[in-house]
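Position 1 is the first residue of the sequence, and the numbers go up from there.
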Amino acid sequence: MTLTEPSALIGRPIPDLPTPAVLIDLPTLRRNIDQMAGVARGFDVALRPHWKTSKSAEVARLQLEAGAVGLTAATAAEVDALVAAGIENIFWAYPPVGPHRIETALRAARSARLIIGLDDLAAAQPLAAAATAEGVEIEVRLEVDTGLGRTGVAPEQALTTARDLAALPGIVLEGVFTHEGHVQGVGADPERRVEVGTAAGQMLAQVAAQLRADGLELPSVSVGSTAGARSAPGVAGVTEARPGTYVYGDENQVAIGTVDPADTAMTVLSRVISTQRGDPVLVDAGLKAMSSDASMHGDGRIGTVVSGHGGVLATGNEEHGYLHSSSSLEVGDLLRIRPNHTCGLTNMHSHLVVVENDVVIDIWPVLGRH
């Protein structure tokens, strides 16, 4: 067995690892899971973490053990992976457009409680027809745009769309939801973040109240983001929170102050491969290791060195990272780099190296990649 086989890494100290490698610090991960579970309990809302951050069956089980009611997914591959892992309560927060997604929905609904998010009658009709032909009913939630400007109906259109959805056979309107991702865009002003997150929660709760007044039963009013996790779920009428990034933390959340640096569980282990340029130094964590998700720092970096030498991974090619402002580095030196955005980075890798006290204690496969 060689070190290229993931199972051979268990029991090894970090310096023995092939690089680049994604490290997950288990004590930090567990602390993050417990802290967010406590936040949800404090707001008296259900917690349904977004699984796109971890894509790990082991993380999902830890979150459920800490009190999560289920998991949130974004892709058909994630839904299939969660079902295969035995997860029985899944919210698929993505429009079920196309035959493949509809087939996935019907397959998943046979063995799990599946709720699907959508924002349009045109997306619902093929799903409803397929469910009717199958002789089943599938729960759906109507997405409401509370300010992000992505998917979701405008609040003033929600009642009309909800009525149309409720009239379809084969589906059951179970609730409304939003992704208040625009809270992150507010930046490092904590008061402004709370204001924007609270406004998103209030807008969604008001839509839910309007729909209920029209006679529609809506058990779920669901918000979801890490940046808004300590504001939007606290609004009266909100029943569920769906943060995702919190479980690992990342540099973007650190940059705006929603995650403490000590609470970042994920780093990328990288080695210096060349010092010929002086500054930058070249490392083996490039775009294929870090992803190209944008930085909230506004300087284009793809990662931030958090080990002793410091520095910024300013840019990268596929297998090369350009490291600026580090001190006294030599070829072969090891670095720990905090990624801008953990969700995008997870999808770049086939497995996660779980460490405790700088020793590898487990290898977790990354599931549902696409």
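Taken together through direct or relayed side-chain contacts under 4.5 Å among Ile, Leu, Val, Met, Phe, Trp and Tyr, Val176 and Leu148 form parts of separate hydrophobic clusters. Val69 and Ile115 are members of different hydrophobic clusters when ILVMFWY side chains are connected at heavy-atom separations under 4.5 Å.
The 12-atom threshold is not exceeded at CZ of Arg30, counting heavy atoms of other residues, nucleotides or ligands nearer than 6.0 Å. Within a 6.0 Å radius of OH in Tyr94, no more than 12 heavy atoms belonging to other residues, nucleotides or ligands are found. For Gln35, the CD atom is densely surrounded, since the number of other residues' heavy atoms within 6.0 Å is greater than 12. Atom CD of Glu156 sits in a crowded spot, with more than 12 heavy atoms from other residues, nucleotides or ligands closer than 6.0 Å.
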TODO: Take Arg212 and Glu217 through the test salt bridge (Lys or Arg N to Asp or Glu O under 4.0 Å) and record every step on the way to the result.
DONE: CA-CA 6 Å; Arg212 287 172 177 150; Glu217 295 185 11; over 6 Å; no
TODO: Take Leu64 and Leu71 through the test side chain to side chain contact (heavy atoms under 4.5 Å, CB included) and record every step on the way to the result.
DONE: CA-CA 8 Å; Leu64 291 170; Leu71 279 298; 3.8 Å; yes
TODO: List the steps, then state whether salt bridge (Lys or Arg N to Asp or Glu O under 4.0 Å) holds for Arg150 with Asp145.
DONE: CA-CA 7 Å; Arg150 195 172 65 179; Asp145 179 15; over 6 Å; no
TODO: Check the pair Arg271 / Leu335 against side chain to side chain contact (heavy atoms under 4.5 Å, CB included), numbers first and verdict last.
DONE: CA-CA 6 Å; Arg271 279 187 169 84; Leu335 304 167; over 6 Å; no
Task: Derivation of the side chain to side chain contact (heavy atoms under 4.5 Å, CB included) call for His297 and Glu251 - done: CA-CA 9 Å; His297 286 281; Glu251 183 62 24; 2.8 Å; yes
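Using a distance-only test at 3.5 Å, with no hydrogens or angles considered, no donor-acceptor pair links the side chain of Asp362 to the main chain of Val354. Remark: the backbone N or O of Gln157 is not paired with any side-chain donor or acceptor of Thr160 at under 3.5 angstrom. Side-chain N or O atoms of Thr275 include none that pairs as donor or acceptor with a backbone N or O of Gly278 at under 3.5 Å. Looking at Arg242, its side chain does come within 3.5 Å of a backbone N or O of Thr178 through a donor-acceptor pair.
Test Asp293, Asp250, Thr53 against His341 for side-chain hydrogen bond (donor to acceptor under 3.5 Å, both in side chains) and you get one pass: Asp293.
For the pair Arg141 and Phe91, the distance from NZ or CZ to the six-membered ring centre is under 6.0 Å and the angle to the ring normal is within 45 degrees.
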